[in-house]
Engineer: 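Please read through the structure below; I'll follow up with questions.
A, B, ... follow the sequence lines: proteins, then strands. Residue 1 opens every chain. Heavy-atom basis, side chains included; hydrogens, waters and symmetry copies ignored.
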Protein chains: 2
Amino acid sequence: MRARTAPTLEDVARQAGVSRATASRVINADPRVREAARVAVSAAVADLGYRPNRAARRLVTQAADSIAVVVPESDERVFTDPFFSGLLRGVTRALATTPLQLVLVMGKPDDDDRRMERYLRGGHTDGAIVVSHHQDDNLWRVLAETKLPSVFLGRPYADASRLPYVDVDNTTGAELAAQHLIERGCRRIGTVTGPQDMSAGRDRLRGWTNALVAAGLSVDLVESGDFTPAGGAVATRHLLERAPDLDGLFVASDQMAVASIAELAQSGRSVPGDVAVVGYDDNTAATLSRPTLTTVVNPISEMASRAVDLLLRVMDGQDVEPEVLSTHLVVRESA
Amino acid sequence: MRARTAPTLEDVARQAGVSRATASRVINADPRVREAARVAVSAAVADLGYRPNRAARRLVTQAADSIAVVVPESDERVFTDPFFSGLLRGVTRALATTPLQLVLVMGKPDDDDRRMERYLRGGHTDGAIVVSHHQDDNLWRVLAETKLPSVFLGRPYADASRLPYVDVDNTTGAELAAQHLIERGCRRIGTVTGPQDMSAGRDRLRGWTNALVAAGLSVDLVESGDFTPAGGAVATRHLLERAPDLDGLFVASDQMAVASIAELAQSGRSVPGDVAVVGYDDNTAATLSRPTLTTVVNPISEMASRAVDLLLRVMDGQDVEPEVLSTHLVVRESA
DNA sequence: GTGAAAGCGCTAACAT
DNA sequence: ATGTTAGCGCTTTCAC
């Protein structure tokens, strides 16, 4: 009859005929243990179904055994935008092979005073991945001060942080999108941007601008969005008022692009017939949309797992370089 | 100058001029402490910015300070289906006012052997909320055996478990949907069901059947889906082959309904002109879809927070009764 | 009502 | 290479 309570390291040691310390060494892969002892302990662990008590380990190592994914956005946004689903999926998968647990920390900075900052400073995690970083977020400062190993997913707005990051080449991505529109024959091309206090938002606007300038087209049709469907709809409406002859549109996120298409339909315009539309992200919204979206791939899951790799290396004390992934366009029905 | 390391209970006690034990009592709201001591300790806590060390507390109380949300589905599904986003949002919010942490446990039972079962048996959490329960999942057995406080979100397939649950009246919801189609004048009405090894799938089929039988219509046009867009598309195609004269369709989830509409369009049929479509869930897919979806409200976030309330009470040793929420139809463009 | 002391399960010096 | 020992920060008897 197996004992009611979970087996402890003590039990393992006794059954293996060694001391607690040796058992601990085996479990933590310390090299200096005899083969025989190693085998005995491993057998005991398997037999007893031993699992180290996390709380006890944390208490003594002062490590949290977890990493935080920090998202300075409302839970509403986080749980509603496919971008974040992809993010969470990537992080979850990358963490699956480690003993690390994922702690999701979200909320606008002002939401609950400085809850996030307190959490980060509290030493509750061994590392952090910061996503959706805005210009005014002082997260990078907190992170630098606490020396908490951390990496940004998406280049931080100001490079001043000197913190490692993984990003995708948003500028080129947006250029690809705009060029596609131009090659299609569009001449009156607008854009609904992402937030201009985020590097992704700015880079995508820059890419769009680059392409239009190169083609000798006017770059006046810019309306700013905030990556939400509602914001995208408003921006599109404004664009239409300013340029009823709009024939091409680059929208900085798929979620906004879907809203744009709805607005366009509302105004009696067909897509891509009257207005060709290119989105950004290539998430579920792109394939669920009618027409399906021509869009730029934003490999969020891959970026997430790369960010985890990077973070693991930082936590290991290694020096790391930022990583920037390349991207490409996926042509579907909308343009 | 503040100390580099976080203040401990010892520090608080010293500053308040009491023993560690008394400080602990104040923090845990033990009634037997003098008012003066209570005030002194509280002041010290505030002054020092003291936060109890979770690991230490866990170690001694043997409690995990966390609850698990158990989803026997692939991470792909969980992070892709808006239903689960709503779930997570509801749980997160309900937990915000407690010191409990959320641990997401997901994966098909066979995915990683019996990882889930091990986790649940391991005593790593103080309670569990089980979502998306299938007929063959033996989770309820594990839960009953371990006596881990738990509640199902969505009635378990077999009531045998005697475990508390919160559910929504799926049968009535589906009836509402079918009745709407009937009142609209549809006479050849089909349905794409949810998985028949889940109570939600069966209840929704039952509701559809009830309504059609009551109206004297044939109930032969049933094709089973699995709540995924791909499954919904296939089922719709089959339905169309069997009944080219289909004029009404009840789809058991919004995600599948969107796929159905795409299939319908593919076959040259308009919605709602040729075929009226009603979905189920009322999540983001419903409003992002073109045409927008007429659908039945599935108040997942509310169910989630109710489930948390229920679980908290179970953890507190109280007896609880299952809760079943009512629902209603939201009429939009698709029917 | 309060303090002293034991101990939760583990790791990490420090011996040997 | 291995055992002994001392805590990590907290709660909880058990005395007083």
Engineer: Nearest 0.5 Å, please: how far is OG in B:Ser19 from CD in B:Glu10?
Structural biologist: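 One finds 9.5 Å between CD of B:Glu10 and OG of B:Ser19.
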Engineer: Kindly determine whether B:Arg14 and B:Asp11 satisfy salt bridge (charged side-chain N to carboxylate O under 4.0 Å, His left out), including the steps that lead there.
Structural biologist: CA-CA 5 Å; B:Arg14 191 176 326 115; B:Asp11 301 327; 3.5 Å; yes
Engineer: Evaluate the side-chain proximity of A:Leu104 to A:Phe79: yes if any heavy-atom separation is below 4.5 Å, no if none is.
Structural biologist: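 Yes; the side chains approach each other to less than 4.5 Å.
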Engineer: Report the distance from atom CE of B:Met303 to atom CG of B:Leu310, rounding to the nearest 0.5 Å.
Structural biologist: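 It is 11.5 Å, given to the nearest 0.5 Å.
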Engineer: Using the C1' atoms of the five pairs at each end, what is the angle between the end axes of the helix from C:dG1-D:dC16 to C:dT16-D:dA1, to 10°?
Structural biologist: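 Both end axes considered, the difference amounts to 40°.
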Engineer: Take the protein atom CG of B:Leu48 and the nucleotide atom C1' of D:dG9, then report the distance between them rounded to whole Å.
Structural biologist: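 Atom-to-atom, B:Leu48 to D:dG9, this comes out as 15 Å.
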Engineer: Can you tell me how far P of C:dG9 sits from CG of A:Asp11, to the nearest Å?
Structural biologist: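 It is 9 Å, rounded to the nearest whole Å.
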Engineer: What integer distance in Å separates B:Arg14:CZ from D:dC10:P?
Structural biologist: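 Going from B:Arg14 (CZ) to D:dC10 (P), I get 12 Å.
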Engineer: Of all the heavy-atom pairs spanning B:Ser150 and B:Val314, show the shortest one and how long it is.
Structural biologist: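 For B:Ser150 and B:Val314, the tightest heavy-atom pair comes out as N-CG1, 4.4 Å.
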Engineer: Kindly check if the number of other-residue, nucleotide or ligand heavy atoms within 6.0 Å of CD (B:Glu321) is above 12?
Structural biologist: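 No, the 6.0 Å shell around CD holds no more than 12 heavy atoms from other groups.
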Engineer: Give a yes/no on whether any side-chain N or O of B:Arg57 is located under 4.0 angstrom from OP1 or OP2 of D:dT11.
Structural biologist: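 Checking D:dT11 against B:Arg57, a side-chain N or O does come within under 4.0 Å of OP1 or OP2.
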Engineer: Output the rounded distance in Å from CG (A:Asn28) to P (C:dG9).
Structural biologist: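 Roughly 17 Å, once rounded to whole Å.
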Engineer: Given D:dC10, is OP1 or OP2 found less than 4.0 Å from the side-chain N or O atoms of B:Ser24?
Structural biologist: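 Negative; the distance criterion is not met.
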Engineer: With a 4.0 Å cut-off on N to O distance, would you call A:Glu302 and A:Arg306 a salt bridge?
Structural biologist: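 Result for this pair is yes, salt bridge flagged.
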Engineer: Among the candidates D:dC10, C:dC10, C:dG1, find the nucleotide nearest to the side-chain atoms of B:Arg32.
Structural biologist: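 Of all the options, the side chain of B:Arg32 is nearest to C:dG1.
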Engineer: Rounded to the nearest angstrom, tell me the gap between atom CD in B:Glu35 and atom C1' in C:dT2.
Structural biologist: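 To the nearest whole Å, that distance equals 16 Å.
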Engineer: Rounded to the nearest angstrom, tell me the gap between atom CD1 in A:Ile27 and atom C1' in C:dC10.
Structural biologist: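 In whole Å, C:dC10 C1' lies 10 Å from A:Ile27 CD1.
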Engineer: Rounded to the Å, how far apart are B:Asp30 CG and D:dT12 C1'?
Structural biologist: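 One finds 10 Å between C1' of D:dT12 and CG of B:Asp30, rounded.
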Engineer: Measure across A:Phe83 and A:Val131 and return the closest heavy-atom pair with its distance rounded to 0.1 Å.
Structural biologist: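 What the structure gives for the nearest pair is CE2-CG1, 4.0 Å.
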Engineer: Within this structure, what is the CZ-OG1 distance for the pair A:Arg38 and A:Thr22, rounded to the nearest 0.5 Å?
Structural biologist: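 Between atom CZ of A:Arg38 and atom OG1 of A:Thr22 there are 11.0 Å.
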Engineer: Please list, for nucleotides 4-8 of chain D, all pairs of protein and nucleotide N/O atoms separated by less than 3.5 Å.
Structural biologist:
residue: D:dA6; atom: N6; partner: A:Arg20; partner atom: NH2; Å: 3.2
residue: D:dC8; atom: O2; partner: A:Val60; partner atom: N; Å: 3.4

